[in-house]
Amino acid sequence: MKIASWNVNSLNVRLPHLEAWLAQAMPDVVALQETKLEDARFPDAELAAAGYRSVFAGQKTYNGVAILARMPLAIDDVQIGIPGFEDEQKRVIAATVGGVRIVDLYVVNGQSVGSDKYEYKLRWLEALHDWLASELRAHPDMVVLGDFNIAPDERDVHDPKVWHDGHILTSTAERAALQRLYALGLHDAFRLHHDEAGMFSWWDYRQGGFRRGNGLRIDLTLVSDALRARCVAAGIDREPRTWERPSDHTPAWVELAD
DNA sequence: ATGGTAGCGCTGCTA
């Protein structure tokens, strides 16, 4: 089962890219972030025509997440948001597909270290941690994936002098929160298969970030202890970032053996 | 690194 994650930065704009990528990559499950669409405007009919069922939780202008599953796979037990954590922002959707619990995240960006949005990011990550601890007990076969807005270590940033311990996306507290998720028995699938630096999933639109190779790896897929041995491959597909009018993120994926 | 580009929606916010 091939499971992918893609922050599309507006599904309205990026639907043609998504359809093209589904046709060439043939993923079984796709977690989308930043759909930026109210549910009434979600293109579920177009995606069904492409062979995918959809579940989604969106809002106007900001945020928005969705899980797609290639037919005939069913999508069951859909959960929206973190239980008990009041939040108007649509950042979490979970569902069971093919016996695997899929948790799709659009983690808070945080704007700048010390800002109100940064404090919200840390509170949000704390609530996520506590929820995932119980969710893992209920669903040992779990994949947690999405735009984490955290680069795990120095291999995952183009310039460690810019992306340091006091900078958003790489700060000590953010990385510590990610380590706490790992401590639940979740493993960065990409690092199970690749050691090299410079394998990025996001490049800033500004200052020619992609052209200059100035990126970060912030789109992560975590596999649970129970799934670790089944995770036979992981990768990042750079090609959609080269297409005309691209998202600033490109798809990341893992392959689970049957 | 307080600029830069993109998306939404129509003014400035978010990333």
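Because the structure is predicted, anything quoted here is derived from the model rather than measured. Numbers restart at 1 for each chain; the letters A, B, ... are given by sequence-line order, proteins then strands.
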Nearest to side-chain heavy atoms of [X], which nucleotide of [options]:
{"X": "A:Val13", "options": "B:dG7, B:dA15, B:dA1", "answer": "B:dG7"}
{"X": "A:Tyr62", "options": "B:dA15, B:dC8, B:dC13", "answer": "B:dC13"}
{"X": "A:Lys117", "options": "B:dG7, B:dA15, B:dG4", "answer": "B:dA15"}

What integer number of Å spans the [atom1] atoms of [N] and [M]?
{"N": "B:dT14", "M": "B:dG4", "atom1": "C1'", "answer": "15 Å"}
{"N": "B:dG12", "M": "B:dA1", "atom1": "P", "answer": "29 Å"}
{"N": "B:dA6", "M": "B:dC10", "atom1": "C1'", "answer": "16 Å"}

Exercise. Between the side chain of A:Ser171 and the main-chain N/O of A:Ile168, is any donor-acceptor distance below 3.5 Å?
Worked result: no
For this session: Run the ring-centre check on A:Trp21 versus A:Trp243 and record whether the distance is less than 6.0 Å.
Result: no
Problem set entry | Residue whose nearest DNA chain B nucleotide is more 5′ - A:Gln111 or A:Arg245 | A:Arg245
For this session: Using the closest heavy atom to pick a nucleotide of DNA chain B for each, name whichever of A:Gly110 or A:Lys36 lands nearer the 5' end.
Result: A:Lys36
Applying a 4.0 Å non-hydrogen cut-off, can you work out what [X] is touching in the nucleic acid: base, sugar-phosphate, or nothing?
{"X": "A:Phe210", "answer": "nothing"}
{"X": "A:Val162", "answer": "base"}
{"X": "A:Arg212", "answer": "nothing"}

Write down the distance between [atom1] ([X]) and [atom2] ([N]), rounded to a whole number of angstrom.
{"X": "A:His167", "N": "B:dA15", "atom1": "NE2", "atom2": "C1'", "result": "13 Å"}
{"X": "A:Arg14", "N": "B:dG7", "atom1": "CZ", "atom2": "P", "result": "5 Å"}
{"X": "A:Asn149", "N": "B:dT14", "atom1": "CG", "atom2": "P", "result": "14 Å"}

For this session: Measure the OG1-CH2 distance between A:Thr250 and A:Trp6 for me, rounded to the nearest 0.5 Å.
Result: 6.5 Å
Exercise. How close do A:Arg91 and A:Gln89 get, heavy atom to heavy atom, and via which atoms?
Worked result: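 Minimum heavy-atom separation between A:Arg91 and A:Gln89: NH2-OE1, 2.6 Å.
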Would one find a side-chain N or O of [X] under 4.0 angstrom from OP1 or OP2 of [N]?
{"X": "A:Arg211", "N": "B:dG4", "result": "no"}
{"X": "A:Arg206", "N": "B:dA15", "result": "no"}
{"X": "A:Thr61", "N": "B:dG7", "result": "no"}
{"X": "A:Lys60", "N": "B:dC8", "result": "no"}

For this session: Might you confirm whether atom CD of A:Glu88 has over 12 heavy atoms from other residues, nucleotides or ligands at distances under 6.0 Å?
Result: no
